Amino acid sequence: MKKRIPWKRIFAGIILTLVLCLALAEFGAAAIVIGGVFAVSAAWVLGRAWWTARRERLAQERSEDAREEARQEEIALRREACREARYTPEERETAAAHLEMVLGSIQAWDLEEDGDVLRLDVALIPPTEALPYWKAATVGAGAYTVEAGGYAVDPIRAELVMALPPDWDGADRWPVRLLRDAARRFLVVDGFVGYGSIYRGLSSVSAGFAGAVAAEDFPGLPDLGLAVTPGAPGVLFFWLAPLLKPELDYFLRRGWRGLERRFPSARPWADPEREPMADPLTWFQEDIAPFAWSEDGERFCLGLEAGEFQRSRFLRAGLSGTGWDWERLVREYLRQYQPDDGPFVEYACEERVFFAASEDREIMERLALGLSDLLREDWAGARRLLAPDGRQ
């Protein structure tokens with residue numbers, strides 16, 4: 001924990017010293033007694049404050065240490081469980097048959113003979129007419145069962161699949177290393193694999209990516225489904241999509257829904273040479289369009305030319321969609337979704353122009369992104385903004 005210089009206490013001490021010196025010069029010896037009492041009282045107050053802060057800091061450190069110790073114990077337990085986990089021959093055949101049914105015939109295997117934490121073989125499936133790109137899939141990760149709520153089966157067993165370029169050279173082993181390292185990270189360290197799981201490690205960096213994200217489905221890629229294994233939880237197959245640095249930064253800021261909207265603009269396979277799906281210089285304006293972002297000195301502004309955008313919703317609410325109607329909508333949005341931020345936003349709207357500004361960048365960015373997402377994806381939420389009293 002980084003130590004901070006107690007400037008407030010130093011300043012208070014200097015002030016007290018100056019006051020004592022002035023009192024001594026003005027009142028003589030009597031000031032010494034008075035000053036002594038005052039100094040003892042001040043020292044007691046400051047000392048108690050210091051002791052309280054120190055006690056709270058130590059308690060926080062102990063709590064953090066305890067959480068980390070518990071986490072390391074859980075990782076050790078999962079690592080030992082993974083060492084013992086192995087597919088039965090029937091389960092392995094079931095997983096392989098499911099892959100062939102969904103993705104095509106397996107051409108080759110990259111077998112792992114010395115895996116100390118799970119034995120993870122990788123099936124390699126060549127391009128087909130329906131899926132004209134290579135596919136690589138783990139077979140072995142599903143031998144270990146993990147807890148994951150919200151899926152069709154709970155607990156679940158999971159495997160990872162990656163789409164590779166049509167001209168991928170089988171001698172280039174980065175996809176195999178990335179799949180194995182990601183699977184072990186999810187199962188051993190995270191104790192979870194599922195929608196939005198993120199892997200960041202040397203295997204992705206060495207391949208030219210910043211990380212990888214897992215999900216059951218990606219735009220442009222087939223649904224992998226569930227391999228049913230009698231007498232045991234089924235095996236779910238997740239796509240693992242490697243992300244370039246701008247894409248990973250975008251995902252961490254905007255989440256899975258934002259990335260999913262951009263994914264169709266890219267080829268579905270992992271290609272470190274592709275153009276990023278999200279440009280760090282333009283993605284913000286693209287995500288809030290048709291709103292416009294601008295900066296004027298220390299003020300951060302959001303504007304919109306009132307017109308056809310969302311006009312039908314305004315008409316259904318008995319409004320015409322003027323700039324003042326947009327101001328009403330934004331004020332209601334802030335009241336419902338950013339209740340502490342409303343007083344810090346100013347408006348200068350006209351009949352055909354909506355304009356809002358604030359000196360707080362974070363408030364305006366949250367407003368721009370949140371309102372744009374709601375208008376794009378949540379029709380019911382938009383209706384509530386226009387008719388908060390329940391009118392449709």
Side-chain angles (χ1 to χ4, degrees), residues 196 245-265 275-392:
K245 179 64 166 58
E247 298 167 347
L248 181 61
D249 291 342
Y250 179 82
F251 173 78
L252 295 175
R253 178 72 185 276
R254 297 288 284 133
W256 169 246
R257 295 295 298 171
L259 183 66
E260 189 178 38
R261 286 196 298 267
R262 290 176 172 270
F263 206 85
S265 65
E275 288 295 320
M277 290 181 278
D279 186 329
L281 299 178
T282 62
W283 72 258
F284 183 84
Q285 181 57 62
E286 292 167 356
D287 277 14
I288 68 171
F291 291 98
W293 177 269
S294 61
E295 299 180 15
D296 181 14
E298 296 182 353
R299 289 163 59 85
F300 305 95
C301 312
L302 186 67
L304 174 71
E305 184 177 349
E308 294 302 315
F309 180 59
Q310 304 291 330
R311 188 164 183 268
S312 61
R313 292 183 179 176
F314 282 103
L315 292 175
R316 285 197 294 269
L319 303 171
S320 56
T322 64
W324 301 302
D325 292 334
W326 276 101
E327 177 181 341
R328 169 182 169 174
L329 181 146
V330 170
R331 287 182 182 275
E332 183 63 23
Y333 175 87
L334 289 171
R335 188 186 70 82
Q336 293 188 26
Y337 296 95
Q338 296 176 228
D340 297 330
D341 298 340
F344 303 99
V345 179
E346 301 174 349
Y347 303 89
C349 300
E350 299 176 1
E351 182 176 2
R352 296 192 59 79
V353 175
F354 162 77
F355 183 85
S358 174
E359 295 181 358
D360 191 314
R361 172 189 285 271
E362 184 180 351
I363 287 177
M364 293 305 293
E365 287 185 348
R366 283 205 310 269
L367 169 61
L369 292 170
L371 179 61
S372 299
D373 288 345
L374 183 140
L375 294 174
R376 185 185 300 113
E377 301 173 357
D378 188 355
W379 287 72
R383 284 198 301 270
R384 285 195 299 272
L385 297 181
L386 292 170
D389 58 355
R391 293 181 293 107
Q392 297 298 315

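Keep in mind the model is a prediction, meaning the values are calculated, not measured.
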Got a donor-acceptor contact below 3.5 angstrom from the Ser358 side chain to the Met364 backbone? no

Just verifying a value: how many Å separate Glu247 CD and Leu259 CG, rounded to the nearest 0.5 Å? 7.0 Å

Taking atom types as modelled and ignoring hydrogens, do the side chains of Tyr250 and Arg262 form a donor-acceptor contact shorter than 3.5 angstrom? yes

Rounded distance [0.5 Å steps], CG in Leu385 versus CG in Leu329: 5.0 Å

Got Leu304 and Pro290 here, is their nearest side-chain heavy-atom distance under 4.5 Å? yes

Determine the sole option in Phe291, Tyr347, Phe355, Tyr333 for which the ring-ring contact (aromatic ring centres under 6.0 Å, His included) test with Trp326 is passed. Phe291

Answer whether the closest heavy-atom distance between the side chains of Met277 and Trp283 falls below 4.5 Å. no

Quick one: are Tyr337 and Arg366 in side-chain contact, heavy atoms under 4.5 Å? no

Side chain proximity check, Arg335 to Arg331, heavy atoms < 4.5 angstrom: no

Inter-residue atom distance Gln285.CD - Asp279.CG, 0.5 Å rounding: 12.5 Å

Between Glu350 and Gly323, is there a donor-acceptor pair closer than 3.5 Å when you use the side chain of the first and the backbone of the second? no

CD of Gln338 to CZ of Phe344: how many Å apart, nearest 0.5 Å? 12.0 Å

Point-to-point distance, once rounded to the nearest 0.5 Å, from CZ of Arg376 to CG of Leu371: 10.0 Å

Is any side-chain heavy atom of Arg384 closer than 4.5 Å to one of Asp378? yes

Tightest non-hydrogen contact, residues Arg311 and Ser320, listed as NE-O, 3.8 Å

Do the non-hydrogen side-chain atoms of Leu386 and Leu319 ever get within less than 4.5 Å of each other? yes

Check ion pair Glu332-Arg328 (N to O, under 4.0 angstrom): no

Taken to the nearest 0.5 Å, the spacing of Leu369 CG from Leu302 CG works out to 9.5 Å

Asp373 bridged to Arg261 by N-O distance under 4.0 Å: yes

Between Cys301 and Asp296, the two heavy atoms sitting closest are SG-CB, 4.4 Å

So which atom in Gly342 and which in Leu334 form the shortest heavy-atom distance, rounded to 0.1 Å? CA-CD1, 4.1 Å

Can you establish whether the number of heavy atoms outside Glu305 located under 6.0 Å from its atom CD is more than 12? no

Arg352 atom CZ: more than 12 heavy-atom contacts under 6.0 Å: no

Criterion side chain to side chain contact (heavy atoms under 4.5 Å, CB included) on Phe284 and Glu365, from CA distance to verdict: CA-CA 9 Å; Phe284 183 84; Glu365 287 185 348; 4.0 Å; yes

Taking all non-hydrogen atoms of both residues, which atom of Asp360 and which atom of Glu362 are closest, and how far apart? OD1-N, 3.0 Å

Do Asp325 side-chain atoms and Gly321 backbone N/O form a donor-acceptor pair below 3.5 Å? yes

